[in-house]
Protein chains: 2
Amino acid sequence: MKKSVQDSNTIASSMDEATAHTIEHFIEKMGLIAQADGLPRIAGRILAVLVIYDEPHSFTDLTEKLAVSRGSISTNTRLLVNLGLIERSTKKGERQDYFVLRENPYTSLMQGIEARTQEARALLKATKSDLPDVLEGAQTRLSQMLDFYNKFSEAVKSLT
Amino acid sequence: MKKSVQDSNTIASSMDEATAHTIEHFIEKMGLIAQADGLPRIAGRILAVLVIYDEPHSFTDLTEKLAVSRGSISTNTRLLVNLGLIERSTKKGERQDYFVLRENPYTSLMQGIEARTQEARALLKATKSDLPDVLEGAQTRLSQMLDFYNKFSEAVKSLT
DNA sequence: CATATTGTTCAGTATAAACTAAACAATATG
DNA sequence: CATATTGTTTAGTTTATACTGAACAATATG
């Protein structure tokens, strides 16, 4: 078996104690942030690993570094790839897939958010046009909400 | 027992069939949108009711209109109040609390989002300063991520 | 061909969250 | 005071999701 980028047990020994702790903490916190954003905790942790380390990480690197099952790595790397945050890469003479952070990871994230607001806007427009004008209050409040989503959408688009 | 704003069984009969259906659909979709945003489905549905109807809705109005338990209404109205989306109101001679949509519901929502990004920014800053400069790649990627969150924060703030 | 490696899928389990129903405290009403 | 109303809280249930571990297919290697 090929030696992986770095064995999880040897991380700490190859760097400053405090640094190792900082990294560990960052990885766990990113898991929680991911969770708060509605993503699996593991997805956030994988992302954190790829933010910290320069080297592309293989499937097995990740299972060892994060101590989770291959199934989870498979599922969550695919998720992150779909979100446009990471991408697969390969090395010649190696069968394994490697993962690295994408160049501009966050723009595509924004596109995902944009798509979601688009759904809300569609619903609001449809509801407005389906409801009779006599429901003035409802029409007004729907307009306000739609107006907000429109502005939000613009703001998000300006970030990409 | 006081007659409530409108009995759920009589909604349809007092308005156009198509209109009733549109409202029903809007309420359910709002539940799903709330869910996608990490909120309980019921919170979205309560919000939808208050968007559609002019009248302040009591606790019991909501339980009847949405066919959910009082416990859920209690929990979720409190949640929506804390998010700044709705507010309690009262009527003289009435013991019940009533709920209405706030005047500008969405700005305070944004403030909540802002607070969440603030956490991420704090983590990124702390991690950057705790990690040694020799970890150039990590420093760069952390900066990029922080940069993104900074811009996002600005964009969100511009909406309020 | 037999064995090993790699990634995916899926059944089952664990965990977390939503929701209900009932108990409860506080207040009002008669 | 007894009873009813109102909102909150909490125990228990349901439901959804994350995660594991093992089976699997595909491919490589000897």
Side-chain angles (χ1 to χ4, degrees), chain A residues 1-5 27-28 30-49 56-83 86-100, chain B residues 1-5 27-28 30-49 56-83 86-100:
Chain A
M1 177 189 150
K2 279 266 177 183
K3 194 72 179 67
S4 15
V5 172
I27 291 172
E28 289 310 311
M30 283 290 287
L32 293 176
I33 289 176
Q35 195 170 33
D37 287 338
L39 299 176
R41 210 177 296 172
I42 293 184
R45 295 200 280 218
I46 293 173
L47 187 66
V49 166
H57 274 59
S58 76
F59 227 79
T60 13
D61 293 335
L62 291 170
T63 62
E64 289 170 3
K65 209 161 258 175
L66 297 175
V68 294
S69 72
R70 283 194 301 156
S72 287
I73 298 296
S74 177
T75 307
N76 285 283
T77 48
R78 185 141 24 86
L79 173 64
L80 291 170
V81 167
N82 288 339
L83 287 174
I86 69 175
E87 61 189 12
R88 273 173 218 268
S89 69
T90 49
K91 293 185 183 178
K92 77 167 175 186
E94 293 261 1
R95 293 175 60 185
Q96 291 183 96
D97 291 357
Y98 286 82
F99 295 96
V100 289
Chain B
M1 178 188 150
K2 280 265 176 180
K3 195 70 180 64
S4 14
V5 172
I27 290 172
E28 288 311 310
M30 283 291 286
L32 294 175
I33 288 177
Q35 194 169 35
D37 288 339
L39 299 177
R41 209 177 296 171
I42 293 183
R45 295 199 279 217
I46 293 173
L47 187 66
V49 167
H57 274 60
S58 75
F59 228 79
T60 13
D61 292 335
L62 292 170
T63 62
E64 289 171 4
K65 208 163 259 176
L66 298 175
V68 294
S69 72
R70 284 193 301 157
S72 288
I73 298 295
S74 176
T75 307
N76 285 283
T77 48
R78 185 142 22 87
L79 172 65
L80 291 171
V81 167
N82 288 338
L83 287 174
I86 69 175
E87 61 189 13
R88 273 173 218 268
S89 69
T90 50
K91 294 185 183 179
K92 76 169 175 182
E94 293 261 359
R95 291 175 61 184
Q96 290 183 94
D97 291 356
Y98 287 82
F99 296 96
V100 289

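By convention in this document, chain letters (A, B, ...) are assigned in the order of the sequence lines, proteins followed by strands, and residues within each chain are numbered from 1.
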Distances under 3.5 Å between protein N/O atoms and the N/O atoms of nucleotides 17-22 of chain D, please, pair by pair.
unit_1, atom_1, unit_2, atom_2, d
D:dT20, OP2, A:S69, N, 3.0
D:dT20, OP2, A:S69, OG, 3.0
D:dT20, OP2, A:S72, OG, 2.6

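- As a whole-Å value, the separation of A:L32 CG from C:dT15 P is 16 Å.
- We find that CD of A:Q96 is positioned 13 Å from C1' of D:dA28, with the value rounded to whole Å.
- Rounded to a whole Å, the CG atom of B:D61 is 15 Å from the C1' atom of D:dT5.
- Computed from coordinates, the A:L79 CG to C:dT8 P distance equals 13 Å when rounded to whole Å.
- For D:dT6, its base never sits under 3.5 Å from the side chain of B:R95 at any donor and acceptor pair.
- Using a 4.5 Å cut-off on side-chain heavy atoms (C-beta onward), B:Q96 and B:T60 make contact.
- Side-chain contact between B:T75 and B:L79: absent, with no pair of heavy atoms (C-beta onward) separated by less than 4.5 Å.
- Within the 4.5 Å cutoff, the side chain of A:Y98 has heavy atoms near those of the A:K91 side chain.
- Closest to the side chain of B:S74, from the set C:dT9, D:dT9, D:dT6, is D:dT9.
- B:V68 is not listed as a side-chain neighbour of B:N76, based on a closest heavy-atom distance of 4.5 Å or more.
- Counting only heavy atoms from C-beta outward, the side chains of A:I46 and A:L62 approach each other to under 4.5 Å.
- Between the CG atom of B:L62 and the P atom of D:dT8 there is a distance of 12 Å, rounded to whole Å.
- Taking atom CD of residue B:E94 and atom P of nucleotide D:dT5, one finds them 13 Å apart after rounding to whole Å.
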query = Between A:F99 and A:S58, does a side-chain contact (heavy atoms from CB on, under 4.5 Å) hold up when you go through it step by step?
reply = CA-CA 6 Å; A:F99 295 96; A:S58 76; over 6 Å; no
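- Rounded to an integer number of Å, the gap from NE2 of B:H57 to P of D:dG7 is 14 Å.
- Looking at B:L47 and B:L39, their side chains never come closer than 4.5 Å, going by heavy atoms from C-beta outward.
- Between B:R45 and B:M30, every side-chain heavy-atom pair lies at or beyond the 4.5 Å cut-off.
- A:D97 has its CG atom 7 Å from the C1' atom of C:dG7, to the nearest Å.
- Of the candidate nucleotides C:dT27, D:dT8, C:dG7, D:dT8 has the atom lying nearest to any side-chain atom of B:R88.
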Audit row: A:I73, A:R70, side-chain contact (heavy atoms from CB on, under 4.5 Å) steps and yes/no = CA-CA 5 Å; A:I73 298 296; A:R70 283 194 301 156; 5.5 Å; no
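- Stem list for DNA chain C (at least 3 consecutive Watson-Crick or G-U pairs, distances under 3.5 Å): C:1-30 with D:1-30.
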